[in-house]
Amino acid sequence: MIFRWLDERLELKKFKDKFLAKTFPTHPTFLLGELALFSFVTLVLTGIFLGLLYEPSTKMVSLFGSMVPAAYASVVKIDLLPMGMIIRRIHHWSAMIMIASILTHLARVYFTSAYRKPREINWLVGLGLFGTSLGASFTGYLLPYSQFSVTATSIAYYVSKSVPWIGGGLSRLLFSGEFPSDGTVPRFFFLHVMLVPAVLVGLIALHLLILVKQKHTEPSANRIRKESHGGKKLIGIPVWPEQVVISLSFYFFLLFVVSLMATYVPLNPIEVYGPPAPGTPVMRPDWYFLPIYGFLKLVPGNLSLSIAGGKITPETIGGVIFPAVLFLLLAVIPFLDRVKEPLNYVENPLHRPVMTSIGIGGGVFLGMTAISGYLDVFRIEPGTMMLYTVLVPLVAWGICYTLLRLYNRRRE
Amino acid sequence: MVEKSSGNKGEKTAISRRRITLGILLGSLAGAFGSLLALLKVLSPEKKGGGYEATIVLGDRLVYAQGEKAGTPLRAAALKDGDAVLAYPVGKAQNQANLIQLIRLKEKAFKPPTRLDLTDQGFVAYSAICTHLGCTVSWVKNQTSPDTSFTECFCHNSIFDPTRGAKVLGGPAPIPLAQVGVKVAEDGVLLFTSGFIGPIGPQV
């Protein structure tokens, strides 16, 4: 009844035939991108709740008899509301899951070579989404204005200030003046709740539009099936009703897991960190910033050079050049590993010794830089750790490459 | 867009007209967005806060920086050999640049480049702001031989040697922590006897 009423006005039938019949892949690794999208939905929903109660100000106010920044006080008050702390933890956990699923999604696309022609553009859009998500997480760090927030943001402030030539202006633009001043919290609040999510929404839309236009890649097994049966269409399941049911179940399962974690696993306990204080205890960033954090520890202090009036310091090398080079390397991959004809089938990673071994080596390298973040725990000298950080990935790459070569020789 | 030399006049003017239009379009775009660049200046206010300009004056008393005793005067008797504490000059705690680490070691433990004239009865003081990325340094005490205790920044594990003018022993810090003169006054409280000797805070 309702459908017919709407159909007569909106021509829903056309829409249904065109879009709801779209084919979805059946392999579970094709759900990783969806996982990131669903986490983003959760982040927006919980973020609306938090944003309505948060106060973006560093004005000192009284909280249980002591003077603390208003931002900190408002987050403590959120934590005291019924379900308040759980919502805040769901927000934080979802951010972690979002970054994790983006990373695994990226790895899946890399190892199955789904970034190749014609999908280079969407690979770049995806990298943009990755970077923007890191920015979203980072701008959120400061908002509770705890000792942890201020330390993390202060480090980033000096890293941005260390950029040669433009560091002074850049840091003032990002942090709205020097940090810590009263300008930074309102600036980061706007970035975190408005500008960065808007960019994310735009990029997500672009990512999905390109996906719908180009269609997803298929396992090579499908090619054989099609060639023998003479079919041309994608093999998979339609959006409605199969994929919708799968996706919805998947989303609610995610919500269930995240709620469970938020209820039982403490995360960012600002009451333990306390408001900003003179001393800096041992604190480590969330896991996805560990590579940068670890690399900052590795770069020796006397490593700096001057070019044309600009000074490249260890801070710039660790905090700016290192992540920039990582992103740049990722960005050029589809333009180095080229194919002439557009390719719509994924390849078995085992059949691509060069790219797969480089990917494994790169992953191990990131793992090593993350471990470097704990060199004080393992009591390793930075110099020794630097050596390991270079050698271990090379060894991993070598082993992986040799094994894959042998495997492929036997296969042939 | 290469002009065709075939002599077809109408086509030629069409192309140059297209060029002019395109030029105007790109020029105005560049102009419009170029003038918007001036906004960057507006969006980057000169708000003070992170800059490290210490305001320690000769004769300022040292007070505890944190804990229950925050703001109360530091007495020499409170620190034993191998102890250290964070301190501010009295009444100037709003300025993070004034934060110092007061350390007490055996008097003969100090070697150059420590300025011995700025130490007193085994007390030495350094800026507590790490020269790497501005975290506050901490004291890692060696219980069995206090003289081998050291200052460490827990952010990226820069290590400083308090007996040698806070020389960098390891980690990413580029320069030592700046020393500042302290002495024990007659009534047992600690006073500053100089400003910082050398630059403080992140060297960026």
Side-chain angles (χ1 to χ4, degrees), chain A residues 58 151-152 154-164 167-184 187 276-284 293-304 311 313-319 372-373 375-377 381-383, chain B residues 37 39-53 63-67 70 85-88 93-96 98-101 128-140 152-160 167-176 201-204:
Chain A
T58 50
T151 304
S154 171
I155 288 172
Y157 168 73
Y158 286 111
V159 165
S160 72
K161 205 177 163 193
S162 77
V163 175
L170 179 72
S171 58
R172 281 203 307 278
L173 176 65
L174 289 175
F175 296 84
S176 181
E178 291 179 348
F179 184 80
S181 67
D182 55 3
T184 314
R187 169 72 51 97
T280 309
V282 182
M283 33 176 89
R284 290 172 220 283
Y293 167 73
F295 204 80
L296 274 170
K297 290 189 174 191
L298 290 182
V299 188
N302 49 17
L303 191 77
S304 70
K311 195 166 158 223
T313 59
E315 296 83 48
T316 324
I317 296 171
S372 306
L375 57 81
D376 52 317
V377 179
E381 289 289 314
Chain B
L37 283 180
L39 279 182
L40 291 180
K41 184 81 189 152
V42 180
L43 292 173
S44 323
E46 301 273 350
K47 274 203 173 111
K48 286 285 165 212
Y52 284 108
E53 282 152 39
V63 296
Y64 285 93
Q66 56 182 4
V85 69
L86 291 177
Y88 277 120
Q94 294 303 318
N95 186 351
Q96 182 85 353
N98 291 332
L99 187 64
I100 62 128
Q101 188 182 40
I129 309 299
C130 184
T131 53
H132 180 225
L133 286 168
C135 298
T136 303
V137 295
S138 301
W139 182 242
V140 183
E152 179 173 2
C153 176
F154 287 153
C155 279
H156 303 97
N157 308 109
S158 294
I159 297 170
F160 304 91
K167 190 178 86 160
V168 183
L169 288 180
I175 60 164
Q203 298 303 302
V204 294

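Each chain gets a letter, A, B and so on, in the order the sequences are listed, and its residues count up from 1.
A:Leu375 touches chain B through its side chain: at least one heavy atom from C-beta onward sits under 4.5 Å away, while N, CA, C and O do not. Only the backbone of B:Gln203 comes within contact range of chain A, with heavy atoms under 4.5 Å apart. In this structure, chain B has heavy atoms under 4.5 Å from both the backbone and the side chain of A:Val159. Contacts of B:Leu99 with chain A are made by side-chain atoms alone, with heavy-atom separations under 4.5 Å and no backbone atom involved. The contact between A:Pro382 and chain B is made entirely by side chain atoms (from C-beta outward), counting heavy-atom distances below 4.5 Å. If you measure heavy-atom distances from A:Pro281 to chain B, the contacts under 4.5 Å come from the backbone alone. For chain A, the nearby part of B:Ala173 is the backbone; its heavy atoms alone come within less than 4.5 Å. Of the two parts of A:Arg187, only the side chain, counted from C-beta on, holds a non-hydrogen atom closer than 4.5 Å to a non-hydrogen atom of chain B. Contact of B:Leu86 with chain A is made through the side chain alone, with heavy-atom distances under 4.5 Å. Contacts of A:Val282 with chain B are made by both backbone and side-chain atoms, with heavy-atom separations under 4.5 Å.
Relative orientation of the A:Phe175 and A:Tyr157 rings is perpendicular, given thresholds of 30° and 60° on the angle between their planes. Using bins of under 30°, 30° to 60° and over 60° for the plane-to-plane angle, the ring pair A:Tyr293/B:His156 lands in the tilted bin.
Taking the side chain as every heavy atom from C-beta outward, B:Gln66 and B:Thr136 never approach each other to under 4.5 Å. Side chains of B:Leu133 and A:Leu296 form a contact here, defined as non-hydrogen atoms less than 4.5 Å apart. Side-chain contact between A:Lys297 and A:Ser372: absent, with no pair of heavy atoms (C-beta onward) separated by less than 4.5 Å. Looking only at side-chain heavy atoms (C-beta outward), B:Phe160 and B:Leu169 stay at 4.5 Å or farther from each other.
The shortest heavy-atom contact between B:His132 and B:Pro202 is O-CB, 3.5 Å.
The candidate with the highest count of non-hydrogen atom pairs below 4.5 Å against chain A, out of B:Gly134, B:Cys155, B:Gly170, B:Gly171, is B:Cys155. Note: A:Ser176 leads A:Ser176, A:Gly183, A:Pro314, A:Ser154 in heavy-atom pairs under 4.5 Å with chain B. For the set A:Asp376, A:Val163, A:Thr280, A:Asp182, the count of heavy-atom pairs under 4.5 angstrom toward chain B peaks at A:Thr280.
A donor atom on one side chain and an acceptor atom on the other are found under 3.5 Å apart for A:Thr316 and A:Thr313.
Remark: the backbone N or O of B:Cys153 is not paired with any side-chain donor or acceptor of B:Ser158 at under 3.5 angstrom.
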